[in-house]
Structures are given as C-alpha cells and as structure tokens.
Amino acid sequence: MMLKGLTRLWSLVFLAALIPGVHPQRNDSSTYRAAELPSQPLLYRPVLQPSESIPPIGTYMLKSPERKPCIKVTMGVEYIVIEKQTWYFNLDRARVKISGYCDSEAAVLSLTLPDSNSASLQFTFKKEKKLFYVTKLSAHLSPLPVCQKCSNKTYSGLLNHDKLFTTAEGKSFNCKSESLFLMSSQLKIKLVPLQMQAFTLTDGQFGKEVECWADFNKRVIPIVIGATVVGLILIALLTFLFVRDRNRQGYDRL
C-alpha cells in the first residue's frame, strides 16, 4: 500500500513538471467543507445593562414612493426593563433598519434591529385637519438573558388611541426633556431629546419648533418663582418703610 501511494505521488509530480497548469492537490475533506459552507451572518441581540447611560442620538427619515421626505425623527431611545432589578438598553442608530409607509392622512415609521427582530419601535402618525399626532406607539425587546441560568424573555407594549406629540402641520414637535412612556408592567420607553415632524417636510428640514409642556414648565416656572420671590421682598420692604414712617410721625407729635 505504501509503495502504491508513493508511485501515485511521483506520477502527479511528473505530470506537474511536464504539463503547465497542473498542480498536485491534497484530498482534504475539511478544506472542501469550509469552502462549501455559506458564511453565516453574526446575529446581534440586545444586552441589558444594570446602570443607565445617555442613549446615542440618531436621525431617522422615511421617504414617500415619490422619494420625498415624509417623516423625520431625531431622538435617543432607551428601553427600561422592570424586573426584580431595573435593566437598561440603548438603541444604536448604526444597527437600526428603517421601514414604514406614508399616505396622505396616515404614516408609519418602524425602527427594528433586523437580527431576529430583537428590538423594535414603531410610530403610527395621523393627520387630522391641520394637525398631526402619533396615535399609536408600540415597542418590542428580546434581549439576551441576564444570567447563564436565566430564561429568554420578551418584553413588549402598546399605547393605542392616544394623541401624542400633537403639532400643527408644517411644524416640528420638539422636547429636550425626557419623554417617558409605560408600555407595560415590565417595559418603559424613554425618548430624549425628541424632535419629530410628519407629512409635510420642506426639503427634508424641520419646520418651526413647537415646545413641549415639560420644556415650557422648566423655562417658565423658575421665572414665575423668581418673580414671586421678588414681589414678596418688595412687599416686605414697603411694609417696613410704611411702619417706620408711621412710627416716626408719632414721635414728632410728642
């Protein structure tokens, strides 16, 4: 058997020397298996974190079939999972797939992590007269287990028949304060900061900003409190001067 193998090897070497383009090859089955197997894409699933961090801000734009921008949203997205311990996951713009559709009176913006649909966030917009608002907000999260013996869990929630972020057509809703939504007993969604506009986007740019109530309160309440404090100080000062003047007049009569 050994002599037969050596004879075959010398024959291959002899042919390679005589005929250009002929090269001896090893009959290694593992080499063929590696070449024949298709490359498998690396799957990504969210990893929950025990501490909160600032979510990265991304800009998400959807265009109509006519290639005109119809939805534009800039925001950071944080998923908050409520178990015995609170866990956090920030949506990464670089991994997000954008989809949806735009009609004259309805539009949908869907953000998903395409690997096994491990995370998603969907806005359903509606136009009514000269206003637009979000009538439905849905979220889904399927993270890796937080420990080796922990089971796989999926968290999802839906807010329906609401009028969120109501804004006049042609203007953008803007909120620098956090927008926190309780999607279910175990899932919250935090959007911060948030700017959005739907249906009418001139050259893909945001229109005039409409301030949210949280930002308005943060801006106005300190002014009101400051004005109230100044008013109280003035009242106290005037009262003091009035009482002192009366006392002085009483001493003059004596």
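These numbers come from the heavy atoms of this one structure, side chains and all, not from hydrogens, waters or symmetry mates. One-based numbering along the sequence shown.
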May I ask you to test the [X]-[Y] pair for a side-chain heavy-atom distance under 4.5 Å?
X	Y	result
Leu180	Leu191	no
Leu109	Met196	no
Val81	Leu141	yes
Ser179	Val192	no
Gln195	Thr59	no
Thr154	Asn152	no
Leu164	Phe181	yes
Ile189	Glu78	no

Among Lys127, Lys130, Lys129, the one residue meeting salt bridge (Lys or Arg N to Asp or Glu O under 4.0 Å) with Glu169 |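 Only one of Lys127, Lys130, Lys129 forms a salt bridge (Lys or Arg N to Asp or Glu O under 4.0 Å) with Glu169, namely Lys127.
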
Please evaluate residues Leu194 and Phe173 with respect to the criterion side chain to side chain contact (heavy atoms under 4.5 Å, CB included), reporting the C-alpha separation (whole Å), side-chain torsions for both, the decisive distance (0.1 Å), and the verdict. CA-CA 8 Å; Leu194 171 65; Phe173 178 89; 4.1 Å; yes

Quick one: which residue pairs count as a side-chain hydrogen bond (donor to acceptor under 3.5 Å, both in side chains) with a foot in residues 85-102, not counting sequence neighbours?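 For residues 85-102: Ser53-Asn90.
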
Please report the interatomic distance [atom1]([X]) to [atom2]([Y]), rounded to the nearest 0.5 Å.
X	Y	atom1	atom2	answer
Leu113	His140	CG	NE2	9.5 Å
Leu91	Leu121	CG	CG	7.5 Å
Cys150	Gln148	SG	CD	9.5 Å
Phe123	Tyr60	CZ	OH	9.5 Å
Phe199	Leu131	CZ	CG	11.5 Å
Ser64	Glu66	OG	CD	4.5 Å

Q.
Would you say Val73 ends up clustered with Val108 if hydrophobic residues are merged whenever their side chains have heavy atoms under 4.5 Å apart, either directly or through other cluster members?
A.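 No, it is not one cluster - the side chains of Val108 and Val73 are not joined through contacts under 4.5 Å.
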
Please answer: with hydrophobic residues joined when any side-chain heavy atoms are less than 4.5 Å apart, are Val134 and Phe206 in the same cluster?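 In one cluster: no.
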
Ion pair Glu178/Lys190, N-O distance below 4.0 Å: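 Here Glu178 pairs with Lys190 in a salt bridge, since their nearest N and O are under 4.0 Å apart.
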
_If the threshold is 4.0 Å, N to carboxylate O, is there a salt bridge linking Glu105 and Lys126?_
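So Glu105 does not pair with Lys126 through a salt bridge.
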
Are side-chain N/O atoms of [X] and [Y] paired as donor and acceptor at under 3.5 Å?
X	Y	answer
Ser172	Glu209	no
Ser142	Ser118	no
Ser51	Gln49	no

*More than 12 foreign heavy atoms under 6.0 Å from NZ of Lys72: is that the case here?*
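Counting other residues, nucleotides and ligands, NZ of Lys72 exceeds 12 neighbours.
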
Discussion item. Could you check whether atom NZ of Lys171 has more than 12 heavy atoms from other residues, nucleotides or ligands sitting under 6.0 Å from it?
Written reply: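 Atom NZ in Lys171 is not crowded, with 12 or fewer foreign heavy atoms closer than 6.0 Å.
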
Tell me whether Asp215 contacts the main-chain N or O of Glu211 through its side chain, where contact means a donor paired with an acceptor under 3.5 Å.
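Flag not set: sc Asp215 to bb Glu211 has no pair under 3.5 Å.
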
- Message: Tell me whether Lys163 forms a cation-pi arrangement with Tyr133, defined as NZ or CZ under 6.0 Å from the six-membered ring centre and within 45 degrees of its axis.
- Response: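 The answer is yes, since Lys163 meets both limits relative to Tyr133.
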
Identify the two heavy atoms, one from [X] and one from [Y], that lie closest to each other, and give their separation to 0.1 Å.
X	Y	answer
Tyr79	Ser120	OH-O, 2.9 Å
Thr200	Gln197	O-NE2, 2.5 Å
Pro69	Leu201	O-CB, 3.8 Å
Leu159	Leu182	CD2-O, 3.7 Å

task = Decide side chain to side chain donor-acceptor pair (under 3.5 Å) for Ser184 and Gln186; before the verdict, give the C-alpha distance in whole Å, the side-chain angles of both, and the deciding distance to 0.1 Å.
result = CA-CA 5 Å; Ser184 68; Gln186 292 184 307; over 6 Å; no

### Message
Let's go through Leu111 and Ile98 carefully: what are the C-alpha distance in whole Å and the side-chain angles of both, what is the deciding distance for side chain to side chain contact (heavy atoms under 4.5 Å, CB included) to 0.1 Å, and is it a yes or a no?
### Response
CA-CA 5 Å; Leu111 311 177; Ile98 302 173; 4.0 Å; yes

Exercise. Between Asp162 and Lys136, is a side chain to side chain contact (heavy atoms under 4.5 Å, CB included) present by the stated rule, with each step listed?
Worked result: CA-CA 6 Å; Asp162 284 332; Lys136 185 187 299 184; over 6 Å; no

Report the C-alpha separation of Cys102 and Leu62 in whole Å, then their side-chain angles, then the decisive distance to 0.1 Å, and conclude whether the side chain to side chain contact (heavy atoms under 4.5 Å, CB included) test is met. CA-CA 8 Å; Cys102 293; Leu62 186 69; 4.0 Å; yes

Under 30°, 30 to 60°, or over 60°: which ring-plane class applies to Phe125 and Phe132, parallel, tilted or perpendicular?
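Tilted: the ring planes of Phe125 and Phe132 meet at 30° to 60°.
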
- Residue list, side chain to side chain contact (heavy atoms under 4.5 Å, CB included) with Ser138, at least two apart or on another chain: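 Counting only residues at least two positions away or on another chain, Ser138 forms a side chain to side chain contact (heavy atoms under 4.5 Å, CB included) with Gln122, Leu158.
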
